[in-house]
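Accompanying notes for the structure given below.
Throughout, protein chains are lettered first and strands after them, A, B, ... in sequence-line order, and every chain is numbered starting at 1.
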There are 2 protein chains.
Amino acid sequence: MGDLSAVDVPADFEREFPGASRSATLVAANLVRTATDLLAAIERPPREAVGLSVSAFQVLVVLDGAGEPLTGQAIAEELLVTSASMTSLLDTLQRRGLVERRPHPTDRRKILIHLTEQAQRTVDLQLPAVHGSITQAMADLTEAEREQFLDSLTKMRAGLTRLAAQPTPTFKARRKRRARPGPTTA
Amino acid sequence: MGDLSAVDVPADFEREFPGASRSATLVAANLVRTATDLLAAIERPPREAVGLSVSAFQVLVVLDGAGEPLTGQAIAEELLVTSASMTSLLDTLQRRGLVERRPHPTDRRKILIHLTEQAQRTVDLQLPAVHGSITQAMADLTEAEREQFLDSLTKMRAGLTRLAAQPTPTFKARRKRRARPGPTTA
DNA sequence: TATTGTTATACTCTATAACTATA
DNA sequence: TATAGTTATAGAGTATAACAATA
């Protein structure tokens, strides 16, 4: 299981990947691991209590967050899926009585997706648990640490933006790895 | 798109969710967002260049990381999938010539999964790009910031561990949200 | 009896392409 | 012509249950 242990990176990492930074990799690996563990601990239980997939649950959260009905296309853009995939997701949600499709009042090509009362009750019930869990999970961090953490995340996104803007760079080849005292095959 | 912008949380968040912390939610939301963007920028391109799903690519990385053949079950435990799902994943990889199944030398119930030379070449080619991109994405963070960041992640995992250990707590009910100046429906 | 892996079956998500209705 | 949504089709990942071979 992502057993809430830290990810390590071998001491000879920078020998194996010339030009790469071990501390950067440590940060990236543990960032992803912790985000995964956070989602598993916080978002998954309420989502599975409702018996929905990640995407289907996201549709409900997006609709709740908007606070008003949205067109299928608007939700599809938020979730980064095609309109055909959206149709399928809405079919699933409608079958379970969580959304309704209603005609758009002025543009008859469009439909408006409404949360049902049942869905709204469900979201109202689950979101406090989500936010309460998050609050407890972060309890050990001071406000100063939280600000510093957000600042570091901002720097990473700046780095990612730079990375996306530049042509794919070339990297030095991997070097052969030294034998490690790995566990023998089960 | 997760357009590399920060996630915000409404100013009246703590009124809507009594007992929840806005700064904790900011940290959690941006942690997840940044981790997602990082994966999209770093891991997705090499993976899609090879034409593999997340799970299939992970199988290759796990085998490469182990540095030796593994049983199907060992990989399945690493990826948190059932043995039946593992069979399906290995079928896909074997069809593409990326792994081989060979009998275990002493226990005839088991099979050992080997990376093919082609798969090893692929991994050797893609991993330097992954680690180089990570190094560039993190370039703005000083070593001190990286250590502080890892420290904060450790505290979060401690919080998650506590959370998992305790019985599910109850949370105060959500309060009705004030109307927001949301975008009018498309 | 327990473990490893496969097969059979089913469901969901996802995509592309072709289509209808509407603007 | 362009947009919104659906249908048809297909592929991948995942799961559960039943099963065979082996330990």
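- Residues from residues 81-94 of chain A with heavy atoms under 4.0 angstrom of DNA chain D, sorted by number: A:S83, A:A84, A:T87.
- If you check D:dA2, D:dT6, D:dA23 against the side chain of B:R109, the one that comes closest is D:dA23.
- For B:R96, a side-chain nitrogen or oxygen approaches OP1 or OP2 of D:dA12 to under 4.0 Å.
- Rounded to whole Å, the distance from CD on B:Q58 to P on D:dT14 is 9 Å.
- Residue A:V130 is grouped with residue B:L26 when hydrophobic side chains (ILVMFWY) are merged at heavy-atom distances under 4.5 angstrom, including chains of intermediate members.
- Near DNA chain C, defined here as any heavy-atom distance below 4.0 Å, the residues from residues 41-54 of chain A are A:S53, listed numerically.
- The NZ-P distance, from A:K110 to D:dA2, rounds to 17 Å in whole Å.
- Screening B:K176, B:R174, B:R175 against B:E16 for a side-chain hydrogen bond (donor to acceptor under 3.5 Å, both in side chains) leaves a single residue, B:R174.
- Annotation: side chain of B:M138 is in contact with side chain of B:L38 (closest heavy-atom distance under 4.5 Å).
- In this entry the distance linking CD of B:Q73 with P of C:dT6 reads 12 Å, nearest Å.
- A:R121 CZ to A:L125 CG: the interatomic distance, rounded to the nearest 0.5 Å, is 10.0 Å.
- Atom CZ of A:R102 and atom P of D:dG5 are 16 Å apart (whole Å).
- The CD1-P distance, from B:I75 to D:dT14, rounds to 13 Å in whole Å.
- Checking the phosphate oxygens (OP1, OP2) of D:dT6, a side-chain nitrogen or oxygen of A:R101 falls inside 4.0 Å.
- B:S21 contributes atom OG, which lies 4.5 Å from atom CZ of A:R146 (distance to the nearest 0.5 angstrom).
- To the nearest angstrom, P of C:dG5 lies 7 Å from CD1 of B:I113.
- Both B:I111 and A:L79 lie close to DNA chain C; mapped to their nearest nucleotides by heavy-atom distance, the more 5′-ward contact belongs to B:I111.
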Return all side-chain donor-acceptor pairs below 3.5 angstrom for residues 46-53 of chain B, not counting sequence neighbours, or 'none' if the list is empty.
{"from": "B:R47", "atom 1": "NE", "to": "B:E43", "atom 2": "OE1", "distance (Å)": "2.6"}
{"from": "B:R47", "atom 1": "NH1", "to": "B:L52", "atom 2": "O", "distance (Å)": "3.0"}
{"from": "B:S53", "atom 1": "OG", "to": "B:A56", "atom 2": "N", "distance (Å)": "3.1"}

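- As rounded to whole Å, 14 Å separates atom P of D:dG13 from atom CZ of B:F57.
- Rounded to an integer number of Å, the gap from B:H104 NE2 to D:dA21 C1' is 16 Å.
- The side chain of B:S55 places an N or O atom within less than 4.0 Å of a non-bridging phosphate oxygen (OP1 or OP2) of D:dT14.
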Set out, in order, the CA-CA distance, both residues' side-chain angles and the distance that settles salt bridge (charged side-chain N to carboxylate O under 4.0 Å, His left out) for A:R22 and A:D12, then state yes or no. CA-CA 9 Å; A:R22 178 171 180 269; A:D12 62 353; over 6 Å; no
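- Checking A:Q94 against A:R101 by side-chain atom types alone, a donor-acceptor pair falls below 3.5 Å.
- Heavy atoms only, all atoms of each residue included: B:F13 and B:A20 are closest at CE2-CB, 3.7 Å.
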